[in-house]
Amino acid sequence: MSCETLTETIGDHEFSVTQWSAQKSILMKFKLIKTFGSAISILAGHNEDSDSGQAEALSAGLSMLFKHTSPEELLNLMTECVIGVACDGKRITPSSFNELFSGDNLLDVYKVFAFVMRTNYGNLMKGQLAENFLTKIKVNL
């Protein structure tokens, strides 16, 4: 089975992400879980729809994230995920990373990171959501 490549326009650029190989995908998933696991569990476990409840969950999740992970570790993980993505047909390199995302384009790096996550783990996330939904239905029946 081949790796799929998806393209999305973010800001003023077209980004193309090719799914990682099995080994890189597994390794990165472990790194992501290690880095974001506690924070994600706080955010994912939060069910209140109010703005104040969501803000409280976000604050608690970020607090947990920075309690266990340094800013440098987060930067390294995000950079590792984004390096190699194509921007307007050219691969992002460690040196072009800063050129591309500096100044007014800084927020785009978060959007590209999210795009990389959706491309590589979107089906897994959808599968987990479906499984959680089916579990809730079984409990309620």
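We use all heavy atoms of the structure for the numbers below, so side chains are in, but hydrogens, waters and symmetry mates are not.
Residues Asn120 and Lys29 have side chains not in contact (no heavy-atom distance under 4.5 Å, counting atoms from C-beta outward). Between Leu6 and Val17, every side-chain heavy-atom pair lies at or beyond the 4.5 Å cut-off. In this structure, the side chains of Leu100 and Ile92 come closer than 4.5 Å at one or more pairs of heavy atoms.
Linking Ile, Leu, Val, Met, Phe, Trp and Tyr residues whenever their side-chain heavy atoms come within less than 4.5 Å leaves Leu27 and Val82 in two separate clusters. Ile83 and Phe15 fall within a single hydrophobic cluster, where Ile, Leu, Val, Met, Phe, Trp and Tyr side chains are chained together by heavy-atom contacts under 4.5 Å.
Residues satisfying the side chain to side chain contact (heavy atoms under 4.5 Å, CB included) criterion with Ala114, sequence neighbours excluded, are Arg118. Partners of Ser95 according to the side chain to side chain contact (heavy atoms under 4.5 Å, CB included) rule, which considers only residues two or more places apart in sequence or in another chain, are Thr93. For Glu80, the salt bridge (charged side-chain N to carboxylate O under 4.0 Å, His left out) criterion is met by Lys31, not counting sequence neighbours. Considering only residues two or more places apart in sequence or on other chains, Asp88 meets the side chain to side chain contact (heavy atoms under 4.5 Å, CB included) condition with His13, Glu14. Partners of Phe97 under the ring pair (Phe, Tyr, Trp, His ring centres under 6.0 Å) rule, at least two apart in sequence or in another chain, are Phe101. In terms of the side chain to side chain contact (heavy atoms under 4.5 Å, CB included) criterion, residue partners of Tyr110 (sequence neighbours excluded) are, by chain and number, Met78, Leu107.
When only modelled atom types and interatomic distance are considered, Thr7 and Ser16 share a side-chain donor-acceptor pair under 3.5 Å.
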Check the pair Leu77, Met28 against side chain to side chain contact (heavy atoms under 4.5 Å, CB included), reporting the backbone distance first and the verdict last. CA-CA 9 Å; Leu77 181 62; Met28 292 306 295; 3.6 Å; yes

Verdict with supporting geometry, Phe115 and Cys81, side chain to side chain contact (heavy atoms under 4.5 Å, CB included): CA-CA 10 Å; Phe115 179 39; Cys81 290; over 6 Å; no

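Leu75 belongs to no multi-residue hydrophobic cluster, having no ILVMFWY side-chain contact under 4.5 Å with any other such residue. Residues Ile26 make up the rest of the hydrophobic cluster containing Phe30, defined by ILVMFWY side-chain heavy atoms closer than 4.5 Å, directly or through other members.
Atom CZ of residue Arg91 and atom OG of residue Ser96 lie 11.5 Å apart, to the nearest 0.5 angstrom. With rounding to the nearest 0.5 Å, the separation of CD1 in Ile10 from CG in Asn105 is 11.5 Å. The OG1 atom of Thr69 lies 11.5 Å from the CG atom of Asn76; values are rounded to the nearest 0.5 Å.
A salt bridge (charged side-chain N to carboxylate O under 4.0 Å, His left out) check over residues 92-114, counting only residues at least two apart or in different chains, returns nothing.
A distance-only check finds a donor-acceptor pair linking the side chain of Tyr121 to the backbone of Ser25 [under 3.5 Å].
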